[in-house]
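Residue numbering restarts at 1 for every chain, and letters A, B, ... go by the order of the sequence lines.
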Number of protein chains: 2
Amino acid sequence: MAASSAEERLARWTTALQQRGYRLTVARRAVLEVLASSDRALEATQIFDVARKRYARLGLVTVYRTLETMLTLGLVQRVHCDAQCATYVATEPGHQHLLVCRRCGRVWYFSGDDLEDLMHTVASESGFAVEDHWLQLVGLCAECRRAEEESDEERKRAPLSYSQQK
Amino acid sequence: MAASSAEERLARWTTALQQRGYRLTVARRAVLEVLASSDRALEATQIFDVARKRYARLGLVTVYRTLETMLTLGLVQRVHCDAQCATYVATEPGHQHLLVCRRCGRVWYFSGDDLEDLMHTVASESGFAVEDHWLQLVGLCAECRRAEEESDEERKRAPLSYSQQK
DNA sequence: GTGATTGCAAAGCGTTTGCACCGTA
DNA sequence: TACGGTGCAAACGCTTTGCAATCAC
């Protein structure tokens with residue numbers, strides 16, 4: 001449960017960036033410092049407001065671009081915020097979770113009873129009163145698995161088809 | 001895992017709406033029918049495009065308003081779509097999940113090892129190849145629990161404070 | 001009849017893009 | 001020096017709001 005310190009994160013991040021050939025600019029560093037030292041999830045504009053105090057010439061666009069880079073490198077993650085998710089499915093009676101196929105987009109429901117134990121463990125260890133939870137699995141449904149395997153086969157048989165695809 | 005049929009859903013939904021005093025208009029019904037018969041998550045504009053084929057005078061605004069009503073009644077749910085979630089936190093090394101305090105907004109990390117079993121169960125039952133999962137718990141952190149309890153106490157002592165709040 | 005609901009148009013907001021300039025490696 | 005990175009302004013797309021007309025009850 002113990003998180004890294006802001007310094008640890010910054011050191012890790014600057015190394016990760018430089019190793020991959022990214023430059024360490026003043027603007028980028030200002031954004032990183034804000035993210036590394038925050039104990040809560042921030043929006044781009046919030047990062048912008050704080051980071052600008054360190055580096056007044058910072059542009060909001062750079063915040064967006066830095067965030068994208070950080071996401072790509074797996075150094076930051078998005079936090080689920082229900083209000084921003086803009087696709088909808090019917091609920092099924094009873095508390096259920098979603099299984100989404102990343103290929104065909106279809107959705108299935110499953111019960112998450114097994115989650116109770118986990119939630120109790122987390123609650124007792126952290127002192128949290130867990131009120132709600134969000135669980136969603138993403139993968140390939142049985143049908144799309146077969147379809148992907150078939151297209152893999154095809155590629156092996158006719159490797160040129162790669163270049164034939166747009 | 002078995003989902004309701006579109007007809008079942010529609011019947012359930014119209015009852016739920018009418019019981020709460022919502023009117024069953026042509027526009028609303030068109031939106032419900034699209035949602036009830038879809039096996040995948042839809043965006044507002046997608047619902048609009050399909051529903052408009054049934055009822056050409058439908059406006060996109062009505063889709064948004066109907067979705068909001070349905071959410072309020074718990075008849076549809078939002079699906080997590082990473083790209084749309086616009087708050088960010090640092091990742092912690094190792095695969096970890098988030099615990100978010102709904103009051104102070106702070107974020108903690110916890111390991112979700114217990115999830116493995118659940119994912120295997122789901123995978124074997126459904127034929128899914130689970131590739132990724134999304135788990136997030138929301139609640140009150142220890143500190144905010146105490147703070148809320150205290151303010152509850154205050155309210156009991158001085159009930160008038162309710163009206164004093166803006 | 002009447003109050004909830006609708007649809008249009010316009011405003012609002014967060015995010016992305018084009019492009020010339022700048023600064024890191 | 002070269003090229004990755006930046007910041008401005010404008011474009012963009014989704015969502016919300018104001019308001020008069022409409023329709024379900």
Side-chain angles (χ1 to χ4, degrees), chain A residues 10 13-35 41-73 75-76 78-88, chain B residues 10 13-35 41-73 75-76 78-88:
Chain A
L10 259 178
W13 289 354
T14 50
T15 312
L17 285 165
Q18 290 185 315
Q19 277 181 347
R20 311 235 193 168
Y22 290 96
R23 292 181 183 173
L24 262 181
T25 64
V26 190
R28 206 168 256 171
R29 202 189 304 260
V31 174
L32 298 194
E33 282 175 10
V34 174
L35 276 167
L42 299 174
E43 302 171 12
T45 50
Q46 294 176 317
I47 297 168
F48 178 60
D49 291 340
V50 180
R52 221 178 193 189
K53 290 175 187 160
R54 293 168 184 269
Y55 177 56
R57 292 167 53 198
L58 181 66
L60 179 57
V61 184
T62 299
V63 176
Y64 282 108
R65 287 194 275 229
T66 305
L67 282 170
E68 188 152 338
T69 306
M70 300 286 286
L71 284 171
T72 307
L73 300 183
L75 305 179
V76 300
R78 293 175 191 268
V79 175
H80 172 69
C81 181
D82 214 47
Q84 292 164 341
C85 292
T87 60
Y88 304 81
Chain B
L10 259 178
W13 289 354
T14 50
T15 311
L17 284 165
Q18 290 184 313
Q19 277 180 346
R20 312 236 193 167
Y22 291 95
R23 293 181 180 174
L24 262 180
T25 63
V26 190
R28 205 168 255 169
R29 202 188 303 260
V31 174
L32 298 193
E33 281 175 9
V34 174
L35 276 167
L42 299 174
E43 301 171 12
T45 50
Q46 293 176 318
I47 297 168
F48 178 61
D49 291 341
V50 180
R52 221 180 192 187
K53 289 174 188 158
R54 292 168 184 271
Y55 177 57
R57 291 168 53 200
L58 181 66
L60 179 57
V61 183
T62 299
V63 177
Y64 281 107
R65 288 195 274 229
T66 305
L67 282 170
E68 188 153 338
T69 306
M70 300 287 286
L71 284 172
T72 306
L73 301 183
L75 306 178
V76 300
R78 293 174 191 268
V79 175
H80 172 68
C81 181
D82 215 47
Q84 291 164 342
C85 293
T87 60
Y88 305 82

Novice: Taking atom C1' of dG14(C) as reference, at what distance in whole Å does atom CG of Asp49(A) sit?
Specialist: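 Distance check: Asp49(A) CG to dG14(C) C1' gives 13 Å.
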Novice: Choosing from dT24(C), dC8(D), dC8(C), which nucleotide comes nearest the side chain of Val61(A)?
Specialist: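 Taking heavy atoms from C-beta onward, the closest nucleotide is dC8(D).
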Novice: Please determine, for the side chain of Gln18(B), which listed nucleotide (dT5(C), dG7(D), dC25(D)) has the closest atom?
Specialist: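 Out of dT5(C), dG7(D), dC25(D), the nucleotide with an atom closest to Gln18(B)'s side chain is dC25(D).
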Novice: Starting from the 5' end of DNA chain D, give me the residue, Leu24(B) or Tyr64(B), whose nearest nucleotide shows up first.
Specialist: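 Checking each residue's closest nucleotide, the 5'-ward one belongs to Tyr64(B).
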Novice: Within a 6.0 Å radius of atom CD on Glu68(B), are there more than 12 heavy atoms belonging to other residues, nucleotides or ligands?
Specialist: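 Result for CD/Glu68(B): open.
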Novice: Would one find a side-chain N or O of Arg57(A) under 4.0 angstrom from OP1 or OP2 of dT6(D)?
Specialist: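 So the side chain of Arg57(A) is outside the cut-off, no N or O lying under 4.0 Å from OP1 or OP2 of dT6(D).
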Novice: Take atom CZ of Phe48(A) and atom C1' of dG14(C), then tell me their distance rounded to the nearest Å.
Specialist: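 In whole Å, dG14(C) C1' lies 13 Å from Phe48(A) CZ.
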Novice: Roughly, in whole Å, what's the span from CG in Leu60(B) to C1' in dG13(D)?
Specialist: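 After rounding, the reported distance stands at 11 Å.
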Novice: I need the single residue from Val31(A), Leu42(A), Leu35(A) that forms a side-chain contact (heavy atoms from CB on, under 4.5 Å) with Val63(A). Which is it?
Specialist: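 The side-chain contact (heavy atoms from CB on, under 4.5 Å) with Val63(A) is passed solely by Val31(A) among Val31(A), Leu42(A), Leu35(A).
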Novice: How close do Phe48(B) and Gly59(B) get, counting heavy atoms only, and between which atoms?
Specialist: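 Where Phe48(B) meets Gly59(B) most closely, the heavy atoms are CE1-C, 3.5 Å.
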Novice: Shortest non-hydrogen contact from Glu33(A) to Leu10(A)?
Specialist: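 Scanning both residues, the minimum pair turns out to be CG-CD1, 3.5 Å.
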Novice: Tell me: OH of Tyr22(B) to C1' of dC23(D), nearest whole Å?
Specialist: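 In whole Å, dC23(D) C1' lies 18 Å from Tyr22(B) OH.
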Novice: Reckon Thr25(A) has a side-chain N or O less than 4.0 Å from the OP1 or OP2 of dG5(D)?
Specialist: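 No, because none of the side-chain N or O atoms of Thr25(A) sits under 4.0 Å from OP1 or OP2 of dG5(D).
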Novice: Could you pick out which residue, Thr66(B) or Glu68(A), lies toward the 5' side of DNA chain C when each is mapped onto its nearest nucleotide?
Specialist: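 The residue mapped nearer the 5' terminus is Thr66(B).
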Novice: Please name the pair of heavy atoms, one in Cys85(B) and one in Cys81(A), separated by the smallest distance, quoted to 0.1 Å.
Specialist: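 Minimum heavy-atom contact is SG-N, 3.7 Å.
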Novice: Heavy-atom nearest nucleotide on DNA chain C for Gln84(B) versus Ala27(B): which residue maps closer to 5'?
Specialist: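 Nearer the 5' end of the strand: Ala27(B).
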Novice: Rounding to an integer number of Å, can you tell me how far Leu42(B) CG sits from dC14(D) P?
Specialist: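 Atom-to-atom, Leu42(B) to dC14(D), this comes out as 15 Å.
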Novice: Can you tell me how far P of dT15(C) sits from CD of Gln46(A), to the nearest Å?
Specialist: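 Taking atom P of dT15(C) as the reference, CD of Gln46(A) is at 11 Å.
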Novice: Round to a whole Å and report the spacing from CZ of Arg23(B) to P of dC23(D).
Specialist: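 In whole Å, dC23(D) P and Arg23(B) CZ are 13 Å from each other.
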Novice: Confirm from the modelled atom types if Arg65(A) and dG7(D) form a donor-acceptor pair under 3.5 Å, side chain to base only.
Specialist: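 Indeed, a donor on one side and an acceptor on the other fall under 3.5 Å apart.
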Novice: Could you state the CD1-P distance from Ile47(A) to dG14(C), rounded to the nearest angstrom?
Specialist: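 Between P of dG14(C) and CD1 of Ile47(A): 14 Å.
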